[in-house]
Protein chains: 2
Amino acid sequence: MDRVTLRDVAQAAEVHVSTASRALNEATRAVVKPETVKRVLEEAEKLGYRPDPIARGLRTSQTLSIGIVIPDLENPLFGPIVAGIEAGLAADGYSVLITASTSHREDEAVRSLTDRHVDGLILASATLADPVVERLAKSGPPTVLVNRFTENVDIPAVIGDDQLGIRLAVDHLVEMGHTNIGHIAGPDQMSTGIDRRRAFEGLMRDYGYRLLVEGATGFQIEPGATAAARLLEREPSITAIVAANDLIGLGVYRAVRSAGRMVGSDIAVTGYNDVAMLDLVQPAMTAVHVAYRHMGAKAAEVLLAILRDEDSPTTTLLEPTLAVRSSTQTTSG
Amino acid sequence: MDRVTLRDVAQAAEVHVSTASRALNEATRAVVKPETVKRVLEEAEKLGYRPDPIARGLRTSQTLSIGIVIPDLENPLFGPIVAGIEAGLAADGYSVLITASTSHREDEAVRSLTDRHVDGLILASATLADPVVERLAKSGPPTVLVNRFTENVDIPAVIGDDQLGIRLAVDHLVEMGHTNIGHIAGPDQMSTGIDRRRAFEGLMRDYGYRLLVEGATGFQIEPGATAAARLLEREPSITAIVAANDLIGLGVYRAVRSAGRMVGSDIAVTGYNDVAMLDLVQPAMTAVHVAYRHMGAKAAEVLLAILRDEDSPTTTLLEPTLAVRSSTQTTSG
DNA sequence: GCGGCTGGTGCAAACGATTGTAGCCCCTTT
DNA sequence: AAAGGGGCTACAATCGTTTGCACCAGCCGC
């Protein structure tokens with residue numbers, strides 16, 4: 001089953017390959033006689049012709065493929081993001097080249113993609129000050145950041161509204177009567193870390209509450225637990241903790257228990273992201289819910305708009321919601 | 001920053017492009033004078049030359065890319081699998097083209113990949129009787145199945161040893177004194193459904209226990225819960241349930257509670273796969289643990305072996321382990 | 001009746017690499 | 001001294017498309 005080439009179609013339709021090419025091509029179809037177009041299309045259909053993206057790419061330097069860089073594919077966050085991107089692009093015929101910046105360094109990941117002439121790039125791996133992103137902004141294919149963004153760079157980003165998200169969590173806790181509210185922040189190198197921290201700080205100022213913050217060295221359970229332990233020791237009067245993400249929140253659970261106190265009744269805890277099964281841990285964790293699949297789809301949409309030369313917003317903020325569960329209810333545990 | 005082409009290197013080194021090509025190419029390097037090789041390599045280095053995979057692919061019809069088809073990227077199973085594949089291939093310079101067979105049909109997903117001349121294919125989407133896989137076996141690029149396999153087809157597969165996995169679960173339950181053991185099976189269309197069911201049936205025969213099985217219509221919580229409810233009503237004497245996967249197991253949790261009984265003390269439950277956070281649900285679920293990242297890496301390895309023309313096993317069975325947790329301990333809940 | 005325009009098609013040169021073959025030079029051998 | 005051969009390099013075709021340009025016939029207008 002050898003590949004059917006444009007030449008085959010042209011021969012079958014008894015025209016020159018250039019004519020066949022024009023007939024097949026939406027944009028140039030107008031210049032060839034309708035009758036000829038019909039004949040070519042029929043033969044192409046009959047033979048099952050499918051244009052070779054490689055050959056076309058060589059000539060046009062467009063590959064109908066876009067590259068995406070994910071920092072850590074094992075993180076359950078990124079599955080839905082990739083799914084959203086893939087679905088958003090598939091409709092327009094784009095394929096997805098994926099690289100994880102764990103197996104390469106980020107710049108190698110990007111280079112391996114640009115080497116392959118991707119038409120666009122979606123990065124989920126951006127850090128706050130990211131030389132790779134800066135270079136891409138100057139020269140490189142159209143790029144969209146997703147989930148995280150980079151400061152002082154003119155590249156569109158599709159991210160969650162962290163300020164709103166933190167406000168949802170804090171307001172909920174305040175409503176439940178808490179005034180000594182702590183925050184376990186994520187790493188400062190990522191916008192999701194620093195933005196949530198700043199949002200929290202701003203709200204505490206507004207409410208006139210004391211600022212009780214500890215930074216975790218990573219967005220995982222372990223760092224969350226140690227940071228929370230520090231905070232709980234330093235400020236035993238705390239009654240609620242806003243965690244920078246779900247895993248840190250689970251770390252907080254652990255620290256709270258180590259301190260001989262109870263999650264929910266003694267100390268309310270909120271997570272962020274609302275990953276799967278967070279409603280099944282004990283107690284079910286209240287969390288800011290981010291629609292990651294939608295975020296991916298939106299990023300695809302923005303990138304497609306750029307590729308079509310439409311203008312598009314430089315930043316898209318997605319509104320999170322709050323999933324209230326028992327970790328912030330005083331009732332039982 | 002225009003692309004540095006082979007011609008640029010050739011000019012700089014004052015040789016013909018064909019000579020430059022041979023000098024750059026490991027395999028053909030021998031035929032060109034060492035001194036010339038040195039000069040070409042130096043210029044290539046200096047100019048930052050990177051061969052264009054597109055152009056090379058057109059000529060050699062090898063693209064150094066492999067395609068992977070995932071049924072559902074949002075399923076937390078597949079993140080680690082993809083991560084493993086990606087890491088395994090990256091070392092050899094291969095890139096990963098990923099498509100989800102949710103946005104296309106499976107055959108479209110495969111076709112979009114073969115159109116792009118992928119050198120190989122890894123399918124996580126195979127069903128027991130899968131026409132797409134059968135077609136691929138006859139004519140198509142080298143293909144490896146991962147996680148699931150297709151019957152009566154000569155394509156290597158890297159899968160977990162479901163028979164061993166189920167045995168680990170059942171033996172553990174028997175050891176704990178259970179004799180009335182039920183099974184909630186997954187869909188029969190997938191090898192992971194039918195194989196676990198058959199393994200379970202075989203063990204019950206061997207032990208001489210009664211066969212208590214209900215099939216769930218899907219690998220999710222809902223179908224698991226309804227199937228488990230049926231089983232519990234039909235056979236109230238049951239004291240343990242082996243679920244075909246974790247989510248079905250969580251469905252079993254729900255059904256057990258709806259029946260007014262307790263998971264762990266009244267009814268022991270085991271899951272399968274051991275997804276993240278399964279140790280944090282209440283009670284922590286005993287589960288057969290499958291190393292999905294390793295499975296992905298192994299699939300990559302097998303595919304690379306085929307691409308290098310080494311012979312490779314037709315089926316690779318990965319040994320699961322059992323993570324024992326409180327859902328099978330009678331002690332507390 | 002001739003020049004020019006226009007609609008339709010073919011020609012050929014790209015895109016950037018790989019690779020079979022031809023050719024050159026120089027050395028060896030008879 | 002001529003022929004042969006080995007080492008090295010250049011030439012040119014090729015992969016499948018796209019696309020600027022030339023070409024040609026027919027038609028219109030003057």
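Residue numbers begin at 1 in each chain, while the letters A, B, ... track the order of the sequences. All values below come from the heavy atoms of this structure, side chains included, with hydrogens, waters and symmetry mates left out.
- A straight line from CG of A/Asp115 to C1' of C/dG16 spans 13 Å, rounded to a whole angstrom.
- With no hydrogens or angles considered, no side-chain donor-acceptor pair links A/Gln189 and A/Thr127 at under 3.5 Å.
- With 3.5 Å as the limit, one finds a donor-acceptor pair spanning the side chains of A/Arg3 and B/His117.
- The phosphate of C/dT18 (OP1 or OP2) has a side-chain N or O of B/Ser21 nearer than 4.0 angstrom.
- Following rounding to the nearest Å, B/Arg59 (CZ) and C/dA14 (P) show an atom-to-atom distance of 19 Å.
- Between B/Leu24 atom CG and C/dG16 atom C1' the separation is 13 Å, expressed in whole Å.
- Not a single donor-acceptor contact under 3.5 angstrom links the side-chain atoms of A/Arg22 to the base of C/dG8.
- For A/Val37 and A/Val17, each mapped to the nucleotide of DNA chain C holding its nearest heavy atom, the one lying further toward the 5' end belongs to A/Val37.
- Neither OP1 nor OP2 of C/dA12 sits under 4.0 Å from any side-chain N or O of A/Ser18.
- When rounded to the nearest whole Å, the span between CZ of B/Arg29 and P of D/dT9 equals 14 Å.
- Atom CD of A/Glu14 and atom P of C/dG10 are 10 Å apart (whole Å).
- Looking at A/Glu42 and A/Arg39, no side-chain N of the basic residue comes within less than 4.0 Å of a carboxylate O on the acidic one, giving no salt bridge.
- Residue side chain A/Arg56 does not reach the base of D/dT17 through any donor-acceptor N/O pair under 3.5 Å, judged by distance alone.
- Just one of B/Ile122, B/Ile70, B/Ile81 meets the side chain to side chain contact (heavy atoms under 4.5 Å, CB included) condition when paired with B/Asn147; it is B/Ile81.
- A donor-acceptor contact under 3.5 Å is not formed by the side chain of A/Ser61 with the base of C/dC15.
- The CD1-P distance, from B/Ile54 to D/dG16, rounds to 15 Å in whole Å.
- Listed candidates were D/dT17, C/dG16, D/dT19. Nearest to the side chain of A/Tyr49 is D/dT17.
- Within the 4.0 angstrom heavy-atom criterion, base atoms lie near B/Val31.
- Taking atom NZ of A/Lys33 as the reference point, atom C1' of D/dG26 lies 12 Å away to the nearest angstrom.
- Salt bridge status for B/Asp92 with B/Arg308: present, with a side-chain N to carboxylate O gap under 4.0 Å.
- For the pair B/His16 and D/dC11, the criterion of a side-chain N or O lying under 4.0 Å from OP1 or OP2 is met.
- Side-chain atoms of A/Arg39 and base atoms of C/dG8 include no donor and acceptor less than 3.5 Å apart.
- If you take CG of A/Leu6 and C1' of C/dC15, they are 16 Å apart, rounded to a whole angstrom.
- Mapping B/Ala55 and B/Thr36 onto DNA chain D via the closest heavy atom, the residue that lands nearer the 5' end is B/Thr36.
- Mapping B/Thr28 and A/His117 onto DNA chain C by nearest heavy atom places A/His117 closer to the 5' end of the strand.
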